[in-house]
There are 2 protein chains.
Amino acid sequence: MFSKTCEYGIRAVIYISAKGSQESKIGIPDIGKNIEAPVQFTAKILQTLVHNDIVSSQKGVNGGFYLNKQQKQKQLIEVVRAIDGDKMFSGCGLGLKSCSEKEPCPLHDKFKAIRSSLKKMMEQTTIDEMSKTLKIGRVLLRIEQFVKHEE
Amino acid sequence: MFSKTCEYGIRAVIYISAKGSQESKIGIPDIGKNIEAPVQFTAKILQTLVHNDIVSSQKGVNGGFYLNKQQKQKQLIEVVRAIDGDKMFSGCGLGLKSCSEKEPCPLHDKFKAIRSSLKKMMEQTTIDEMSKTLKIGRVLLRIEQFVKHEE
DNA sequence: TCAATAAAGGATAAAAACATCTTTTATTGT
DNA sequence: ACAATAAAAGATGTTTTTATCCTTTATTGA
């Protein structure tokens, strides 16, 4: 469904949102280890996410990644768009250039329905929500340390 | 959504089903041209589809590809499975091995819903239906010659 | 002010997906 | 029988995606 790059990106964002804060930023080695993604590759993806204002970063001692308030409120679809672009939400399901509302391919309407529900889902899901889901006991990744985070 | 390979495969199957018959088989050059796919690559995909009993073929003079009655009744999902395998319908949406019903990732339930509707759609769509949709005027591909096929 | 730290950025490498080319095998009309 | 035809099969090439490595830049605590 998503590209690997996108999967890593989403996982990283969830992890950073759940574990990091402006006071306590998260480093790349920590992130890579805990989301089970190649460290350097994750670094590249995070660059993209920083450029697109999905994630904040700071260089130097005690630097790392974190999400500010506005960023935590962003929708999943914005993360996906930043990494994979719009292709997921545009174009014919069968890859036909000639396909359109007027001259639809045999899968056109059915596809449209699926895609619009996928899109809606991604719009209704915020980063914050995903990281909360993580915290309230539905464990994911390797984040055992979350126990102490719970209220 | 689908891989390019899968897109070409589906398009080929629709085209063959719509235009071909046991009496009048369709050759690879014809198929490639009309579904706007690389000819030799399409040939490879058709090999796979023949192996998986989605399409019938015959070598030699007047040979080519066609779909028999049973094959026309196959579901879209069978075509996709033959080419892309099961990965589309299995595994965590975020690519996590650790994700399960018991320990779901933050996207688990939402993803499950989307995927099951995608699956249902593919199970409810037959090759025959898609090629009929093509015939009743909703033009696709480059198949102008379909006009004479309509009843 | 400088050594340590950590992200940013650029270059390169490996793997997978996509595509083409060439040879072989089966079929058929003559 | 055999020449022509068309798919099957195997080898090879290209492009994109995924992944790693190395150098540079910014920040900070001592």
For A/E23, enumerate each residue passing the salt bridge (Lys or Arg N to Asp or Glu O under 4.0 Å) test, keeping only those at least two apart in sequence or located in another chain.
none

Using only side-chain N and O atoms of B/H51, determine if any of them is under 4.0 Å from OP1 or OP2 of D/dA9.
yes

Partner residues of B/T42 under the side chain to side chain donor-acceptor pair (under 3.5 Å) criterion, sequence neighbours left out:
none

Min side-chain heavy-atom separation A/I16-A/L46 under 4.5 Å:
yes

Students often get this wrong, so: under 4.0 angstrom with heavy atoms, is B/I26 touching a base, only sugar-phosphate, or nothing?
sugar-phosphate

Please state how far atom CG in B/N52 lies from atom C1' in D/dA8, giving the value in whole angstrom units.
15 Å

For D/dT18, take OP1 and OP2 only and decide whether either is under 4.0 Å from a side-chain N or O of A/Y8.
no

Whole angstroms only, please: what is the CG-P distance between A/N62 and C/dA6?
7 Å

Under the ring pair (Phe, Tyr, Trp, His ring centres under 6.0 Å) test, which residues partner A/Y66, sequence neighbours left out?
none

Does the separation of the ring centres of A/F2 and B/F111 fall below 6.0 angstrom?
yes

Quick check for you: among D/dT18, C/dG9, C/dC18, whose closest atom lies nearest to any side-chain atom of A/T5?
D/dT18

Sugar-phosphate, base or nothing in reach of A/L46, heavy atoms under 4.0 Å:
nothing

Output the rounded distance in Å from CZ (A/F41) to C1' (C/dA8).
16 Å

Kindly list each side-chain donor-acceptor pair under 3.5 angstrom involving residues 85-95 of chain A, sequence neighbours excluded, with atom names and distances?
from, atom 1, to, atom 2, distance (Å)
A/D86, OD1, A/R81, NE, 2.4
A/S90, OG, A/D86, O, 3.3

Take the protein atom NZ of A/K25 and the nucleotide atom C1' of C/dA6, then report the distance between them rounded to whole Å.
11 Å

Please, which pairs that meet ring-ring contact (aromatic ring centres under 6.0 Å, His included) have at least one residue in residues 18-59 of chain B, sequence neighbours excluded?
B/Y8-B/F41

Taking atom C1' of C/dA17 as reference, at what distance in whole Å does atom CD of B/E7 sit?
13 Å

Using whole Å, what does the distance between atom P of nucleotide D/dA6 and atom CD1 of B/I16 come to?
15 Å

If I take atom CD1 in residue B/I45 and atom C1' in nucleotide D/dA7, what distance separates them, rounded to the nearest angstrom?
15 Å

Proximal nucleotide (of C/dA7, D/dA19, D/dA8) relative to the A/K4 side chain:
D/dA19

Please report the shortest heavy-atom distance between A/I14 and A/S131, naming the atom on each side.
O-CB, 3.8 Å

According to salt bridge (Lys or Arg N to Asp or Glu O under 4.0 Å), who are the partners of B/K112, at least two apart in sequence or on a separate chain?
B/E101

Residues that B/K25 engages under salt bridge (Lys or Arg N to Asp or Glu O under 4.0 Å), provided they are two or more places apart:
none

Is there any protein nitrogen or oxygen under 3.5 Å from a nitrogen or oxygen in nucleotides 21-27 of chain C, and what are the pairs?
from, atom 1, to, atom 2, distance (Å)
C/dT25, O2, B/K59, NZ, 3.4
C/dA26, O4', B/K59, NZ, 3.1
C/dT27, O3', B/Q58, NE2, 3.2

Listed nucleotide nearest any side-chain atom of A/S3, set D/dG29, C/dA8, D/dT18
D/dT18

Strictly below 4.0 Å: does A/S57 bring a side-chain N or O up to OP1 or OP2 of C/dA7?
no

Whole-Å gap separating C1' (D/dA19) and CD1 (A/I28)
14 Å

Contact residues, residues 76-86 of chain A to DNA chain D [heavy atom, < 4.0 Å]:
none

